[in-house]
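Letters A, B, ... mirror the listed sequences (proteins, then strands); counts begin at 1.
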Protein chains: 2
Amino acid sequence: MKESPPPFPAPQEPDPLNKLLDLALTGGEQPRLRADAARNRTRLLEVAARLAAECGPGNLTMEAVASAAEVGKGTVFRRFGDRFGLMAALLDHHERELQAAFLTGPPPLGPDAPPVERLRAFGAAVIRHEYAHRDLYLAARADVSRRHTSPAHQLRLGHLCMLLRRAGTKGDIELLAQTLLGYLDINLVDHLVDRRGMSLDRLASGWGDLVERLVVS
Amino acid sequence: MKESPPPFPAPQEPDPLNKLLDLALTGGEQPRLRADAARNRTRLLEVAARLAAECGPGNLTMEAVASAAEVGKGTVFRRFGDRFGLMAALLDHHERELQAAFLTGPPPLGPDAPPVERLRAFGAAVIRHEYAHRDLYLAARADVSRRHTSPAHQLRLGHLCMLLRRAGTKGDIELLAQTLLGYLDINLVDHLVDRRGMSLDRLASGWGDLVERLVVS
DNA sequence: AATTTCAACGGACCTCGGTCCGCTTAGCTT
DNA sequence: AAGCTAAGCGGACCGAGGTCCGTTGAAATT
């Protein structure tokens, strides 16, 4: 066990990849916070991460976060918009890890593998990644209305479209990509594993089968 | 325009199909209400349907329903469990229409058509049906945690599994069925149509393509 | 250093979903 | 008809998300 893994490494001087991601994800222009606001933001994230670890992300309340961070509730809402904004911010770190893996990581996930192999690897990676952090992902995705508009989702979708195209797939690429993404829905995965007793391996192999059937044609 | 279409035909002496559905859907044993409770239940549904039509199901509040029906808030919760229970009850009528269509209706949806044709028809029918009532479906499905356990969902899943099997599909039938169901998610459909500007025809034809790729193998 | 301005702050306040519990009454039993 | 009992009822109450608005102070300008 590593000791005290820094829960929220303050994002200063982001490395080039993260800059790229910011650009791709947010359109690139968040207006830069005042010093005190930035300080509060990181404090809030630290506290929120701690509380989420203690009581489960599902039981996190905005007021608890605020008071544990010794700021007013308004401050939390101003910074993160709403509960789901906070969840998304908590997820951001994990999400970037995954994104780095499939955007610039080693094969078979990263760019140095043939597209079909990347597709296969992508599914397995996402399933395992999200399942590993399922509490947080479940809490964050409880927002149903933003599911398809979140930057993370869009990035995955674009990635899948790209891979499908490069694999020479015929047909309505975007719909095929949406179908594939639907299979990776954390709610579905969670349901199948925890309620229906399926193994992650079975899901992963189902993904492989799906890719086989959808690619090319 | 028909005048005063009975908004909530009190469910007395249900026809055989509905009995069958009750059995399949609820396990068959809801304990039969006291007279006053049954009266209140239908009043509540009438009122809720009216309010939902007026202000949109998304803006329906439990208190508004209660007071418009002149009962206490507790009564509404006792009867329907929670907001989503009420939504589900509101949906029940539409849902049964759809179910009747694919369980016992005429071909190509009903049992007198070959399985692959039924599969094709099923997707188009669900997409159009849910999109037609999308406000209600969106509100009801906002519940994320019950999505995969609702009786309606299970019924659809079972139906798809059956059709896939009869069509001679090889592979992990249940996962394939889940994949197909994912494509029909009202949130996805709504997003693709309203935000991405796709036509229902495009989605329907995407469904047909999907069926083609997943069946058999 | 003084002035200005506007982002940031905090916490009172509102709404709404959901619970609780003491009272009422439908409908069975005798 | 009278009595019994559990289902039903209602509305006060609670907790949590989200808003509002008067105040504070960071930092840009002079």
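Candidate nucleotides dC9(C), dA12(D), dA26(C) were compared by shortest atom distance to the side chain of R79(A), and dC9(C) ranks first. Looking at the side chain of F77(B), the nearest of the listed nucleotides dG18(C), dG11(C), dG10(C) is dG18(C). Distance from the side chain of T61(B) is smallest for dC16(C) among the nucleotides dC21(D), dC16(C), dA26(D).
Counting to the nearest Å, the P atom of dA8(C) and the CZ atom of F80(A) are 12 Å from each other. Going from atom CZ of R41(B) over to atom C1' of dA7(D) covers 16 Å, rounded to whole Å. Rounding to whole angstrom units, CD of residue E63(B) and P of dC14(D) are separated by 16 Å. Between M62(B) atom CE and dG10(D) atom C1' there is a gap of 15 Å when expressed in whole angstrom units. Rounding to whole angstrom units, CG of residue L33(A) and C1' of dC6(C) are separated by 14 Å. Nucleotide dG25(D) holds its P atom 12 Å from the CZ atom of R39(A), rounded to whole Å. In this structure, the CG atom of L51(A) is 13 Å from the P atom of dA16(D), given to the nearest Å.
The backbone N or O of L60(A) sits less than 3.5 Å from a side-chain atom of R83(A), completing a donor-acceptor pair.
Between N40(B) and dG8(D), a side-chain N or O to OP1/OP2 separation shorter than 4.0 Å is absent.
A donor-acceptor contact under 3.5 angstrom links the side-chain atoms of R34(B) to the base of dA7(D).
For the pair R128(B) and Y131(B), the cation-pi criterion (under 6.0 Å, within 45° of the ring axis) is not fulfilled.
In this structure, R83(B) reaches the sugar-phosphate backbone alone: every heavy-atom distance under 4.0 Å involves primed, P, OP1 or OP2 atoms, never a base. No engagement by L86(B) is indicated, since no non-hydrogen atom pair under 4.0 Å with the nucleic acid exists.
Residue T75(A) is the one, among G81(B) and T75(A), whose nearest nucleotide of DNA chain C lies closer to the 5' end (criterion: closest heavy atom). In terms of position on DNA chain C, the residue among A35(B) and K73(B) whose nearest nucleotide sits closer to the 5' end is K73(B).
Between V47(A) and V65(A) the shortest heavy-atom distance is CG1-O, 3.8 Å.
Between D190(B) and R141(B) no salt bridge is recorded (no basic side-chain N to carboxylate O distance below 4.0 Å).
No hydrogens or angles considered: nothing links the side chains of H94(A) and Y137(A) as a donor-acceptor pair under 3.5 Å.
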